[in-house]
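Naming: A, B, ... by sequence-line order, numbering from 1 per chain.
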Amino acid sequence: MNPVSAALLIWYRKNKRVLPWRKISDPYCIWISEVILQQTRVNQGIDYYMRFIERWPDVEQLARASEQEVLKLWQGLGYYSRARNMRLAAQEIVNKHNGVFPKTAIELKKLKGIGDYTAAAISSIAFNEPVAVIDGNVFRMLSRLFNEVTPIDSAAARKTFLLLAESLLDKNHPGDFNQAIMEFGALQCVPKNPDCENCTLQTHCMAFMLKKVDHLPVKRNNVRIRKRFLHYFVFLHKHEQQCYTLLRYRGSGDVWQGLYDFPCIESDRILSISELEKEHLFCAIKSVAPEIIPISGIRKHILTHQHLMAQFYIVKCNNGFEHVKNNSLSLVSQTELGNYPMPRLIDQFLYENENLFDNC
DNA sequence: AAACCGGGGAT
DNA sequence: ATCCCAGGTTT
């Protein structure tokens, strides 16, 4: 066997972290863990994994879940299409595969939310199929090991690095090998200041010999960040001893699809009250609300590709909502609020203003 | 091929 | 402030 592959497996068996999904070979559990860990650190995902498996222990139960409940459990984890697609894939497995998990990477890739990486991960770990995985760790690790300067965010990267990964893959232990190379990238061959002096692959590493570790992997890196300014209106309306507010369902075409926030006016900067008064929604609000009170402070919320600035307003509403109602708005009581999946920005606002509904 | 899609932690 | 994380889908 390739000496690098052998060294990786030895390193892995000695240094691997104890993780909940490593105890079992149930493809359902492997799948859940792999999707949760897409663009997500292990420590951030563990609690979500435990709650997910406990709530839906197998694919049949996930297939029967509502989208809203799945999104609610996913709340705070981000990239919500992962949750929506997992539920759809569970239904595909139950309805088209008799509840039996597809066993090959090619078949797995046909499921919603399963791409090259996840298909290879599941089939190699759960079914021992000899296919190599390519993820951020593997890109970094291989670029340094082979001094491979192809930019990892270029079109050619996947093909180039897949060949390298396949050249190392231990076909007798594909699952362990794939986990080993990723774990090595996560723990030893880290992005910044890797401890190369204490690396078991030091003598095999081209980047170390050429003193180029800090220059690999190569990235083009070209993301520009959009700034958005949101004016959120938190309605307060009392009806038969219950306090109600209006939530807006977020459809497709923007961030947070399938989640709920508040009615909103968006612009390219923060607007003053006099400027807001020119907005259609604001006129409608004015017509039913005697009081509109800004909550002090503009909240900043950072997404990978957008910076959101949000100003919240309390809208005290004595009468009905007829003038502001539309298809995407729901009247929700304070007690039901916890059932609705929301972006972190909204959830945090509610958490930090627990007494918001007291003087409703 | 490029754009889009979250949130958190390390540095 | 910047980077990056066990990526995938849409345009």
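Residues A/Arg144 and A/Cys189 come closest through the heavy atom pair NH1-SG, 3.3 Å.
The distance between the ring centers of A/Trp11 and A/Phe184 falls below 6.0 angstrom.
Cation-pi geometry between A/Arg82 and A/Tyr79 is not satisfied (NZ or CZ under 6.0 Å from the ring centre, within 45° of the ring normal).
Contacts of A/Ile36 with the nucleic acid, taken as non-hydrogen atoms under 4.0 Å apart, are absent. A/Thr118 comes within contact range of the sugar-phosphate backbone alone, with a heavy-atom separation under 4.0 Å but no base atom that close. Within 4.0 Å of A/Asp116, counting heavy atoms only, lie sugar-phosphate atoms of the nucleic acid but no base atom. Contacts of A/Trp21 with the nucleic acid, taken as non-hydrogen atoms under 4.0 Å apart, include base atoms. A/Ala121 comes within 4.0 angstrom of nothing in the nucleic acid, heavy atoms only. Residue A/Arg84 is classed as having no contact, given no heavy-atom separation below 4.0 Å to the nucleic acid.
As rounded to the nearest Å, C/dC4 and B/dC5 have C1' atoms that lie 16 Å from one another. Only the P atoms considered, B/dG6 is 14 Å distant from C/dT11, to the nearest whole Å.
Sorted by first and then second residue, the salt bridge (charged side-chain N to carboxylate O under 4.0 Å, His left out) pairs with a member in residues 7-35 of chain A read A/Arg13-A/Asp176, A/Arg17-A/Glu183, A/Arg22-A/Glu183; sequence neighbours excluded. Listed by first and then second residue, the salt bridge (charged side-chain N to carboxylate O under 4.0 Å, His left out) pairs that reach into residues 85-112 of chain A are A/Glu107-A/Lys110, A/Lys109-A/Asp116, sequence neighbours excluded. Within the structure, the salt bridge (charged side-chain N to carboxylate O under 4.0 Å, His left out) test picks out no pair touching residues 128-140 of chain A (sequence neighbours left out).
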> What string of B, S and - do you get for nucleotides 4-11 of chain B 5' to 3' if you count protein non-hydrogen atoms under 4.0 Å?
Replying inline: -BBBBB-S
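In the model, A/Asp170 has no side-chain atom that pairs as donor or acceptor with a side-chain atom of A/Ser5 under 3.5 Å. For the residue pair A/Gln68/A/Ser66, the side-chain donor-acceptor check at 3.5 Å is not satisfied.
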Can you give me every donor-acceptor pair (side chain of residues 207-219 of chain A, partner residue at least two apart or in another chain, under 3.5 Å) with its distance?
unit_1   : atom_1 : unit_2   : atom_2 : d
A/Lys212 : NZ     : A/Asn147 : OD1    : 3.0

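In this structure, A/Gly113 and A/Arg22 both approach DNA chain C, and ranking their closest nucleotides by distance from the 5' end singles out A/Arg22.
For DNA chain C, the span of nucleotides reached by chain A at under 4.0 Å from its heavy atoms goes, 5' to 3', from C/dC3 to C/dT9.
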